[in-house]
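These notes are about the structure you will find just below.
Note on naming: letters A, B, ... go to the chains in the order of the sequence lines (proteins, then strands), and numbering restarts at 1 for each one. This one's a predicted model, so the numbers in the text were calculated from it and none came from an experiment.
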Protein chains: 2
Amino acid sequence: MTGIPTREDDENARRRLGERLREARKYLGLKQEEVAAYLKIGRTALTDIESGQRRVEAIELTRLAQLYRQSVGYLTGEDEASAGLPIDVAHLARRVADLSVEDREELGRFAEYLRSRSGGGA
Amino acid sequence: MTGIPTREDDENARRRLGERLREARKYLGLKQEEVAAYLKIGRTALTDIESGQRRVEAIELTRLAQLYRQSVGYLTGEDEASAGLPIDVAHLARRVADLSVEDREELGRFAEYLRSRSGGGA
DNA sequence: CTATAATGTCGGATTATCCGACATTATAGA
DNA sequence: TCTATAATGTCGGATAATCCGACATTATAG
């Protein structure tokens, strides 16, 4: 078990990373062009990233995790099973991001209420 | 706030990543040569990585996280990075993460209500 | 202090990236 | 459906990063 990673393992891992990055982007309804501009890379570079043809730098990865509201662990498939935030939570976070501070606080209180009501499940 | 990352931010982030990687390696008492062999890169390449002079690929990062028995989130300083989000949003996302799906949906609808009420700020 | 291991530095060969032009595919509207 | 346009994909060559060995410097043991 835990064999030494081969070059092909790398390619597979890169492809899966690219797929997750693409999924996350489309989920937020962003264009390659927009994300590429955010990362300050060319659009075709993002095409290559999402198809696993270009390496992703660690810093780029953290920036993407922020933009996509996902943990870097999820994007890298760190724990194939237990992901970072559930996708609907990420969606919520995005919608919440441009609410006013007061509204966010009110939403937080409501979240607390829901949590206490159902006893904070797993 | 939440300014666009500059080139210098990248360099700083890379340096900090390198420092954490070096710390993790020394903690395990490994030599650069051993880790480099594990990653199948030259020893001097690891020297450059740990001093922030060479980029770290996402795949390399996950391999190092395994070898060093750390999360990629720790190595990238994810907590530090999620300061990119407004603090209360990150906090909310965390609290929301273990609510049930139904509660999350209800919370999402409430967020929509708040949004429409104040006309989608920011 | 000396011997040796470990790490750091540098230059140029090697390899990956970048980016624009063009091709292909998805999407919206008549 | 057909068409216009947006979005994404592909490719080649200019550009930039990496790689790696030789040598320098620093840490550690004895």
Side-chain angles (χ1 to χ4, degrees), chain A residues 4-65 67-70 72 75-76 87 91 94, chain B residues 4-65 67-68 70 72 75-76:
Chain A
I4 299 173
T6 70
R7 181 188 47 74
E8 208 175 348
D9 288 333
D10 279 20
E11 293 177 1
N12 287 337
R14 240 190 303 275
R15 262 202 305 278
R16 282 178 305 180
L17 171 61
E19 286 168 9
R20 280 186 291 263
L21 289 174
R22 168 164 293 165
E23 263 186 44
R25 175 179 59 80
K26 301 197 104 178
Y27 187 80
L28 296 183
L30 296 173
K31 305 173 205 169
Q32 288 183 344
E33 192 172 6
E34 297 169 322
V35 175
Y38 174 80
L39 287 183
K40 294 176 190 159
I41 64 178
R43 179 191 58 80
T44 58
L46 193 65
T47 299
D48 289 341
I49 284 177
E50 292 186 348
S51 59
Q53 299 180 90
R54 175 197 179 276
R55 299 176 179 180
V56 184
E57 195 209 344
I59 306 301
E60 293 172 334
L61 185 67
T62 65
R63 298 269 144 77
L64 287 174
L67 179 61
Y68 294 159
R69 267 87 176 167
Q70 295 286 341
V72 293
L75 293 177
T76 60
I87 194 73
H91 186 211
R94 171 170 174 269
Chain B
I4 299 171
T6 72
R7 181 188 47 74
E8 209 176 347
D9 288 334
D10 279 20
E11 292 175 3
N12 288 336
R14 211 167 283 129
R15 264 203 308 275
R16 286 192 303 252
L17 172 59
E19 286 168 10
R20 280 187 292 263
L21 288 173
R22 168 165 292 165
E23 264 185 44
R25 175 178 60 82
K26 300 196 108 176
Y27 183 80
L28 296 183
L30 297 173
K31 305 173 202 170
Q32 288 184 343
E33 193 171 6
E34 296 168 322
V35 175
Y38 173 82
L39 287 184
K40 294 175 192 161
I41 64 178
R43 179 191 59 81
T44 58
L46 193 65
T47 299
D48 289 342
I49 284 177
E50 292 186 348
S51 60
Q53 299 180 90
R54 176 197 178 279
R55 300 176 177 178
V56 184
E57 195 209 346
I59 307 300
E60 292 171 336
L61 184 68
T62 67
R63 299 268 143 77
L64 287 173
L67 180 61
Y68 295 158
Q70 297 285 342
V72 294
L75 293 176
T76 60

Spacing of A/Leu67 atom CG and A/Leu39 atom CG [to the nearest 0.5 Å]:
7.5 Å
Residues which pass side-chain hydrogen bond (donor to acceptor under 3.5 Å, both in side chains) with A/Arg54, listed by chain and number, not counting sequence neighbours:
A/Glu60
Could you encode protein contacts along nucleotides 6-11 of chain D as a string, one character per nucleotide from 5' to 3', using B for base contact, S for sugar-phosphate-only contact and - for no contact, with a heavy-atom cut-off of under 4.0 Å?
-SBBB-
Go through the structure and list residues passing side-chain hydrogen bond (donor to acceptor under 3.5 Å, both in side chains) with B/Thr47, not counting sequence neighbours.
B/Gln32
5'-to-3' dot-bracket of DNA chain C (Watson-Crick, G-U; under 3.5 angstrom; crossing pairs as [ ]; | other strand):
||||||||||||||||||||||||||||||
I'd like to check the salt bridge (Lys or Arg N to Asp or Glu O under 4.0 Å) partners of B/Glu11; sequence neighbours left out, ordered by chain and number.
B/Arg7
Rounded to whole Å, please give me the gap between CD in B/Glu11 and C1' in D/dA17.
14 Å
Counterpart residues, salt bridge (Lys or Arg N to Asp or Glu O under 4.0 Å), relative to A/Arg55 (two or more places apart)
none
Residues in salt bridge (Lys or Arg N to Asp or Glu O under 4.0 Å) contact with A/Asp48, at least two apart in sequence or another chain:
none
Mind calculating the distance between CD1 (B/Ile41) and P (D/dT18) to the nearest angstrom?
11 Å
Nearest-Å distance, CD1 (B/Ile49) to P (D/dC20)?
12 Å
Under the salt bridge (Lys or Arg N to Asp or Glu O under 4.0 Å) test, which residues partner A/Arg22, sequence neighbours left out?
A/Glu50
Starting at atom CD of B/Glu60, determine the distance to atom P of C/dA16, rounded to an integer number of angstrom.
12 Å
With B/Gln70, which residues qualify under side-chain hydrogen bond (donor to acceptor under 3.5 Å, both in side chains), at least two apart?
none
B/Lys40 NZ to D/dC19 C1', straight-line distance once rounded to whole Å:
17 Å
For B/Arg54 and D/dC19, is the shortest distance between a side-chain N/O and OP1 or OP2 below 4.0 Å?
yes
